[in-house]
Number of protein chains: 2
Amino acid sequence: MPTVSSEELAAAAGVNSAKLRKDFSYLGSYGTRGVGYDVEYLVYQISRELGLTQDWPVVIVGIGNLGAALANYGGFASRGFRVAALIDADPAMAGKPVAGIPVQHTDDLEKIIQDNGVSIGVIATPAGAAQPVCDRLVAAGVTSILNFAPTVLTVPDGVDVRKVDLSIELQILAFHEQRKAGEDHGGTVPPAAAHQEPGEQGPDGDVPAVMPA
Amino acid sequence: MPTVSSEELAAAAGVNSAKLRKDFSYLGSYGTRGVGYDVEYLVYQISRELGLTQDWPVVIVGIGNLGAALANYGGFASRGFRVAALIDADPAMAGKPVAGIPVQHTDDLEKIIQDNGVSIGVIATPAGAAQPVCDRLVAAGVTSILNFAPTVLTVPDGVDVRKVDLSIELQILAFHEQRKAGEDHGGTVPPAAAHQEPGEQGPDGDVPAVMPA
DNA sequence: ATGTCTTTGTGAACGCGTGCACAAAGATGG
DNA sequence: CCATCTTTGTGCACGCGTTCACAAAGACAT
Ligand SMILES: NC(=O)c1ccc[n+]([C@@H]2O[C@H](COP(=O)([O-])OP(=O)(O)OC[C@H]3O[C@@H](n4cnc5c(N)ncnc54)[C@H](O)[C@@H]3O)[C@@H](O)[C@H]2O)c1
Ligand SMILES: NC(=O)c1ccc[n+]([C@@H]2O[C@H](COP(=O)([O-])OP(=O)(O)OC[C@H]3O[C@@H](n4cnc5c(N)ncnc54)[C@H](O)[C@@H]3O)[C@@H](O)[C@H]2O)c1
């Protein structure tokens with residue numbers, strides 16, 4: 001039976017082993033003292049807690065450059081997400097297959113959502129169309145939205161929105177980049193914002209997100 | 001002179017006004033008591049601190065579906081980032097313009113980086129090519145990398161990596177989605193992971209990032 | 001069975017970010 | 001020039017997540 005110790009996992013993830021053990025403990029006592037965690041069992045338990053054991057139908061709205069790229073992204077399926085439908089407002093696209101899935105027209109948005117029991121929607125339309133599309137998705141029953149358009153969406157309580165903004169990612173890099181240059185800028189900034197720990201990379205607790213476009 | 005109070009800004013951003021004031025105080029005392037902050041001046045100061053007042057040349061490596069979408073993204077330029085070059089390994093693409101910029105071959109990667117003084121690189125190649133491409137970028141002088149390939153990159157000290165992973169964004173949504181269903185799952189999970197505050201949306205301090213693909 | 005050795009699970013201390021509350025600053029009006 | 005009112009800047013306290021440290025659990029060898 002292949003096992004891992006919290007120490008090994010912590011080293012690989014670049015975090016503290018005690019923290020890792022405490023986190024796991026919230027899911028239950030799945031470890032064996034003196035041995036470690038059964039890898040297969042642990043992966044299953046975490047997957048289940050994260051909601052990865054069930055199939056999540058997803059719709060993508062706005063099949064332009066970005067939407068098409070997302071539709072083609074294989075990493076979707078490997079984590080339990082299934083592209084249930086592609087939706088676009090352009091009549092010329094209707095019926096045309098992208099990544100093997102025929103694009104459907106926005107007119108049928110509500111029906112598509114309901115027929116497929118979709119609760120997660122991805123918005124990749126131009127900024128101006130994002131809020132209206134969002135409203136229709138929510139009205140049709142979608143309660144989680146991944147937004148790629150550079151707009152802050154307004155949604156009712158109970159609906160989750162996550163915004164992916166490439167510009168902000170680049171800004172964070174530029175911010176650190178500027179510091180590497182070692183210039184003496186006026187203000188003092190708390191060291192907390194300084195750098196990332198080895199092992200972690202990506203959107204973690206970092207940098208506030210307050211700035212207009 | 002148009003001004004804003006910390007109270008107004010805090011309400012708009014969905015954060016506490018005291019926190020906002022304290023954050024601003026790290027940049028210096030730019031406010032006027034009894035009045036608020038001079039909007040234009042404040043924006044400039046924050047932009048400067050974030051490194052947005054200077055021009056950041058960026059290269060994108062891997063001009064496939066995603067890379068092309070990124071090259072077309074207008075939000076780039078509006079924040080001070082300039083696409084200095086597009087690079088791909090496919091000889092058939094060399095010279096072909098994408099978003100008005102001719103694609104160049106990976107053979108010239110080092111020269112392109114150096115000629116343009118690029119310090120920020122975007123990787124949108126298949127997963128297998130990401131690490132080798134990363135190594136070449138770093139060797140050529142790039143010290144900040146935005147990685148879209150589903151791989152954890154290994155880099156020397158002093159190089160920053162941010163990974164954008166659509167799957168993880170969807171997993172976070174699915175996790176919360178599962179909870180809304182209100183099912184009684186076995187383990188107890190700390191309420192901290194529960195929900196997002198009104199006003200914030202997107203990659204903030206949330207959810208640990210430990211899980212294999 | 002008993003002892004030893006490894007690793008978990010967790011109580012307790014620590015540190016840090018967040019929020020409260022208020023004194024000081026400065027604008028504004030009389 | 002003084003009084004008043006608004007809003008900043010910040011000391012301080014609270015709360016929460018992280019980390020330390022260790023007792024208990026259990027595997028494994030003798
Ligand atoms: N967040 C990021 O990092 C990032 C990166 C690139 C692009 N973007 C954004 O993603 C969005 C899409 O970018 P793109 O390059 O694919 O643009 P695009 O113009 O290529 O595609 C937009 C698509 O949306 C469709 N559309 C327009 N209105 C619609 C509506 N009301 N309902 C349904 N579909 C509609 C159009 O027909 C088009 O196919 C833009 O808002 C862009 O700013 C974000
Ligand atoms: N993070 C996300 O949310 C997300 C979303 C979609 C895709 N992706 C990932 O982004 C990457 C690109 O996706 P895509 O759909 O554009 O794939 P794609 O196959 O359309 O494009 C890949 C491009 O990279 C080029 N390439 C291959 N090897 C190269 C090398 N060594 N040097 C330079 N260029 C090279 C290819 O010629 C091709 O043009 C993949 O790794 C994919 O998994 C990530």
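When reading the values below, keep in mind they use all heavy atoms of this one structure, side chains included, and skip hydrogens, waters and symmetry mates.
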Please enumerate all protein N or O atoms sitting under 3.5 Å from an N or O of nucleotides 28-30 of chain C, with distances to 0.1 Å.
none

| task | Quick one: list whatever passes side-chain contact (heavy atoms from CB on, under 4.5 Å) with B/Val142, sequence neighbours left out. | result | B/Ile113, B/Val118, B/Leu137, B/Ile145
| said: Restricting to side chain to side chain donor-acceptor pair (under 3.5 Å), what partner residues turn up for A/Glu8, sequence neighbours left out? | reply: A/Ser5
| Can you name the ring-ring contact (aromatic ring centres under 6.0 Å, His included) partners of A/Tyr44, sequence neighbours left out? | none
| Check: B/Thr154 main-chain N/O paired with B/Gln131 side-chain donor or acceptor under 3.5 Å | yes
| request: Map A/Gly34 and A/Ser29 onto DNA chain C by nearest heavy atom, then report which one ends up closer to the 5' terminus. | output: A/Gly34
| query | To the nearest angstrom, how far is B/Asp23 atom CG from C/dG19 atom P? | reply | 10 Å
| request: With sequence neighbours left out, write down each residue that passes side chain to side chain donor-acceptor pair (under 3.5 Å) with B/Asp115, or none if nothing qualifies. | output: B/Lys111
| field | Nearest-Å distance for atom pair CZ/C1', residues A/Phe24 and C/dT10 | value | 16 Å
| Helical bend (five base pairs per end, nearest 10°) for the helix from C/dA1-D/dT30 to C/dG30-D/dC1 | 10°
| task | May I ask you to verify whether the side chain of B/Arg33 and the base of D/dT8 hold a donor-acceptor pair under 3.5 Å? | result | yes
| Between C/dC20 (C1') and B/Glu7 (CD): distance, integer Å | 13 Å
| Counterpart residues, side chain to side chain donor-acceptor pair (under 3.5 Å), relative to B/Ser119 (two or more places apart) | none
| task | With sequence neighbours left out, write down each residue that passes side chain to side chain donor-acceptor pair (under 3.5 Å) with B/Arg82, or none if nothing qualifies. | result | B/Asp55
| task | Calculate the interatomic distance between A/Tyr30 atom OH and C/dG9 atom C1'; express it in whole Å. | result | 14 Å
| field | Pair A/Phe24-A/Tyr30, ring-ring contact (aromatic ring centres under 6.0 Å, His included): steps then yes or no | value | CA-CA 8 Å; A/Phe24 284 178; A/Tyr30 298 140; 8.9 Å; no
| field | Between C1' of C/dG17 and CG of B/Leu20, the distance in whole Å | value | 15 Å
| field | Test item: side-chain donor near acceptor, B/Thr143 and A/Glu177, under 3.5 Å | value | yes
| request: For A/Arg21, check side-chain contact (heavy atoms from CB on, under 4.5 Å) against everything at least two apart and list the hits. | output: A/Ser6, A/Ser17, A/Ala18, A/Tyr37
| request: Apply ring-ring contact (aromatic ring centres under 6.0 Å, His included) to B/Phe148 and list each qualifying residue two or more places apart in sequence or on a separate chain. | output: none
Contacts under 3.5 Å, N or O only, protein and nucleotides 19-21 of chain D:
from: D/dT19; atom 1: O4; to: A/Lys22; atom 2: NZ; distance (Å): 3.0
from: D/dC20; atom 1: OP2; to: A/Asn16; atom 2: ND2; distance (Å): 3.0
from: D/dA21; atom 1: N6; to: A/Arg21; atom 2: NH2; distance (Å): 3.3

| request: Please check the phosphate of D/dG26 (OP1 and OP2 only) for any side-chain N or O of A/Thr32 closer than 4.0 Å. | output: no
| Taking atom C1' of D/dT6 as reference, at what distance in whole Å does atom CD of B/Glu8 sit? | 12 Å
| said: Strictly below 4.0 Å: does B/Tyr37 bring a side-chain N or O up to OP1 or OP2 of D/dG9? | reply: yes
| query | What is the distance, rounded to the nearest whole Å, between atom CG of B/Leu9 and atom P of D/dG9? | reply | 12 Å
Let me have the donor-acceptor pairs involving side chains of residues 66-77 of chain A, under 3.5 Å, with sequence neighbours excluded, atom names and distances please.
from: A/Asn72; atom 1: ND2; to: A/Ala68; atom 2: O; distance (Å): 2.9

| query | A/Tyr26 has an atom OH; how far is it from atom C1' of C/dG9, in whole Å? | reply | 12 Å
| task | Please check the phosphate of C/dT7 (OP1 and OP2 only) for any side-chain N or O of A/Ser6 closer than 4.0 Å. | result | no
